[in-house]
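Just below is one structure, and these are the notes that go with it.
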Amino acid sequence: MIKHHKLTNGFEYIEIQNSVAQAKIALQGAHIFEYKSKTDLLWLSKTSPFEDTKAIRGGIPLCWPSFGNNNPSLAQHGFARTALFEIIHIDETQENSTKITLRLQDNKSTLALWNYHFELNLTITIADTLSLALQTINKDTQPFTLTQAFHTYFNVSGINDVAIGGLEEKPYFDALDTKHKIQKGTITFNQEFDCVYQEVDKDILLQDKSVTTQISSNGSSSTVVWNPWIGKCARMSGMREDAYKEFVCIETANAYDDFKTLQTNESHTLEVTFTTL
Ligand code: BG6
């Protein structure tokens, strides 16, 4: 079952319910901000804006066509997260799985920011696992270079209780002191954390007390791990001062050295699946 909702300010989202899961997806940014199956997977800020042109704080923002400040002429994390997508396909033929595809194409406003013709298709599969596939097609006569990420905010019972496995011995860029390092052991948190892991080639496991979430990706060899901790959280928009305790971001990406250059008509798909073990 799919319901369409429109807030009084015009902000639109859809609600999906099948026999095993429920989800909410905003048309702005093709932004999934709720997914509940075995767990309530995605963190959503209690003070997030739901307003055109303002990015939702939580869920899975799409960073596209640029991750971070990689392209200084674009806003941080690009423009897709505040652009209006259209629904192009919904498949509800199975009672335990719903598939929805949303599309963004170049238009006057995107061309003013980034002068390339493109097609961007996000397919979200809502089942007892959650899967996202983000396909970029170069429709321009010129090649373009892309960095991107699924900026996933995971709900956690407490940031101090969390451990992330699967990145042991991987090289990473620490954005806080701008040094290149090697990960020793699992990742735990006791201060601000903002690192881009490279050469990622296996599943990542988010361990939160007795719950383990498996993150499996395709088309990506970089993953960003982020928590703003106390100081940065207090300075950030759209979240309460102590919100850092409630989430961790593990962002399946094509970031830094893992950028993609697409020739005319070439496409690339970034995929992720979240499974509660
Ligand atoms: C992360 C970055 O991906 O996103 C952080 O590594 C950044 O440096 C965070 O603070 C949030 O970004 P924004 O633009 O949503 O506030």
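For the single chain, residues carry numbers from 1 onward in sequence order. Numbering of ligands and ligand atoms starts at 1, following listing order.
The main-chain N or O of Pro72 is never found under 3.5 Å from a side-chain atom of Asn69 such that the two would form a donor-acceptor pair.
Among Leu146, Asp258, Val224, the one residue that satisfies the side-chain contact (heavy atoms from CB on, under 4.5 Å) test with Phe67 is Val224.
Taking only nitrogen or oxygen atoms, main chain and side chain alike, Arg57 reaches within less than 3.5 Å of ligand 1.
Residue contacts with ligand 1 for Arg81 involve side-chain atoms from C-beta outward but no N, CA, C or O (heavy atoms, distance under 4.0 Å).
Residue contact check: Gln76 has heavy atoms under 4.0 Å from atoms 7 (C), 12 (O), 13 (P), 14 (O) of ligand 1. Less than 4.0 angstrom separates some heavy atom of Phe67 from each of these atoms of ligand 1: 3 (O).
Scanning the protein for heavy atoms near atom 3 (O) of ligand 1, the closest one is Glu251 OE1, 2.8 Å. What sits closest to atom 11 (C) of ligand 1 on the protein, heavy atoms only, is Trp226 CH2, 3.6 Å. Scanning the protein heavy atoms around atom 4 (O) of ligand 1, the nearest turns out to be His151 NE2, 2.8 Å. Nearest protein heavy-atom contact of atom 10 (O) of ligand 1 is Lys232 NZ, 2.7 Å.
A salt bridge does not link Lys108 with Asp106: none of the charged nitrogens is closer than 4.0 Å to a carboxylate oxygen.
Summarising the local packing, CZ of Phe259 is surrounded by 12 or fewer heavy atoms from other residues, nucleotides or ligands at distances under 6.0 Å.
Aromatic rings of Phe189 and Trp229 (six-membered ring for Trp) have centroids beyond the 6.0 Å cut-off, not under it. Checked against the 6.0 Å centroid threshold, Tyr256 and Phe173 count as a close aromatic pair. Between Trp64 and His77, the ring center distance fails the sub-6.0 Å criterion.
When Ile56, Asp194, Asn69 are ranked by how near their heavy atoms come to atom 2 (C) of ligand 1, first place goes to Asp194.
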